[in-house]
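Keep in mind it's a predicted model, so treat the numbers as computed, not measured.
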Amino acid sequence: MAAHEEAIVRQWTEIATRTLRGRLTSAELTLQVRDVLGALRAMLGQDADGDVAGAEGGESRAALAELSRAWARQGFSPSETASLVFAVKEVVLNLGEAGAGELATTDFLVLSLLVDDMGLFTFETYTKVRESVIADQTEQLLELSTPVVKLWDGVVAVPLVGTLDSARAQVVMEKLLQTLVDTGSGYAIVDITGVPAVDTQVAQHILKTVVAARLMGAECIISGIRPQIAQTVVALGIEFGDIVTKSNLADALLHALRASGVEVVRRASRDKAL
């Protein structure tokens with residue numbers, strides 16, 4: 001392999017280019033092929049035991065892990081990532097058929113087994129990276145889907161949209177409590193207009209949020225109680241106790257303003273004034 005390194009890199013890059021269909025430049029792909037080839041040669045060296053997971057495989061594992069992380073973040077599939085490693089088998093066979101050197105069956109079998117291990121290691125690393133990326137994206141989506149907005153001095157609102165599960169309820173509670181501390185608000189409106197259905201679990205999450213806000217010295221108002229939700233709450237026997245509930249956000253805001261001492265007066269039309 002050392003004697004035909006340039007030929008191996010060239011053919012390897014050509015095969016990978018066909019697989020990726022131009023999603024990486026030839027220069028970028030060549031650098032990555034050289035990194036994988038270096039990892040392979042290190043494992044075939046005299047000091048290595050041919051085991052990717054062994055004590056002497058640290059440098060090779062680092063190179064393969066870096067490739068997996070880069071390709072996972074760039075959106076390549078796990079099969080595309082592993083195929084880059086497996087392609088060296090085809091390259092070695094092509095060189096052997098072209099008379100570049102004799103290739104014993106035993107040697108190719110050793111090479112094949114090592115490449116398989118490297119490909120599996122790449123696949124496993126890719127999977128772990130993708131799981132981490134997905135977890136980070138899920139957390140970011142949770143934060144984006146639970147905004148806490150300031151409606152008036154001393155009044156904040158949490159408009160909930162979609163299903164409210166335990167993870168999201170925790171994010172809602174944390175963001176609401178932090179906003180209450182930052183703004184010094186005394187009233188919080190939890191709007192469930194966008195929640196498709198309220199069952200016992202959802203109701204418990206809402207009640208816990210209200211209790212937590214009360215512990216911070218803020219009064220909570222639940223808005224968005226539609227007729228269907230009201231019937232479900234009654235049928236389930238859910239008790240909101242002394243928590244104020246309103247049918248829409250406007251009524252909830254009006255209640256919070258009046259409770260905070262703000263008098264809302266409807267301005268008469270110009271025609272009536274004349």
Nearest 0.5 Å, please: how far is CG in Leu253 from CD1 in Ile189? 5.0 Å
Asp35 side chain reached by Glu66 side chain, heavy atoms, under 4.5 Å: no
Heavy-atom check, side chain of Ile192 versus side chain of Val202, under 4.5 Å: no
Could you give the distance from CZ (Phe123) to OG (Ser68), rounded to the nearest 0.5 Å? 10.5 Å
Who pairs with Asp199 by salt bridge (Lys or Arg N to Asp or Glu O under 4.0 Å), at least two apart in sequence or on another chain? none
Do the side chains of Thr193 and Asn248 get nearer than 4.5 Å, heavy atoms only? no
For Leu84, is there any backbone N or O sitting under 3.5 Å from a side-chain donor or acceptor partner on Trp12? yes
Side chains of Phe86 and Val115 in contact at under 4.5 Å (non-hydrogen atoms): yes
Looking at side-chain heavy atoms only, is the closest gap between Leu24 and Gln32 below 4.5 Å? yes
With sequence neighbours excluded, residues passing salt bridge (Lys or Arg N to Asp or Glu O under 4.0 Å) with Glu174: none
Could you give the distance from OG1 (Thr125) to CZ (Arg130), rounded to the nearest 0.5 Å? 14.5 Å
Step by step, would you call Ser112 with Lys89 a side-chain hydrogen bond (donor to acceptor under 3.5 Å, both in side chains)? CA-CA 7 Å; Ser112 180; Lys89 294 183 183 181; 3.1 Å; yes
Straight-line distance of Leu37 CG to Thr13 OG1, nearest 0.5 Å: 10.0 Å
Check whether any side-chain heavy atom of Met173 sits under 4.5 Å from a side-chain heavy atom of His205, and report yes or no. no
For Lys128, does its backbone N or O pair with a side-chain atom of Ser132 as donor and acceptor, under 3.5 Å? no
Please confirm whether the backbone N or O of Ile222 pairs with a side-chain atom of Thr245, one donor and one acceptor, at under 3.5 Å? no
Evaluate the side-chain proximity of Leu207 to Ile243: yes if any heavy-atom separation is below 4.5 Å, no if none is. yes
Can you pull the salt bridge (Lys or Arg N to Asp or Glu O under 4.0 Å) pairs that have at least one residue in residues 181-198, sequence neighbours excluded? none
Checking Arg214 side chain against Cys220 main chain: does a donor-acceptor pair fall under 3.5 Å? no
Student check: side-chain heavy atoms of Leu40 and Leu111 closer than 4.5 Å: yes
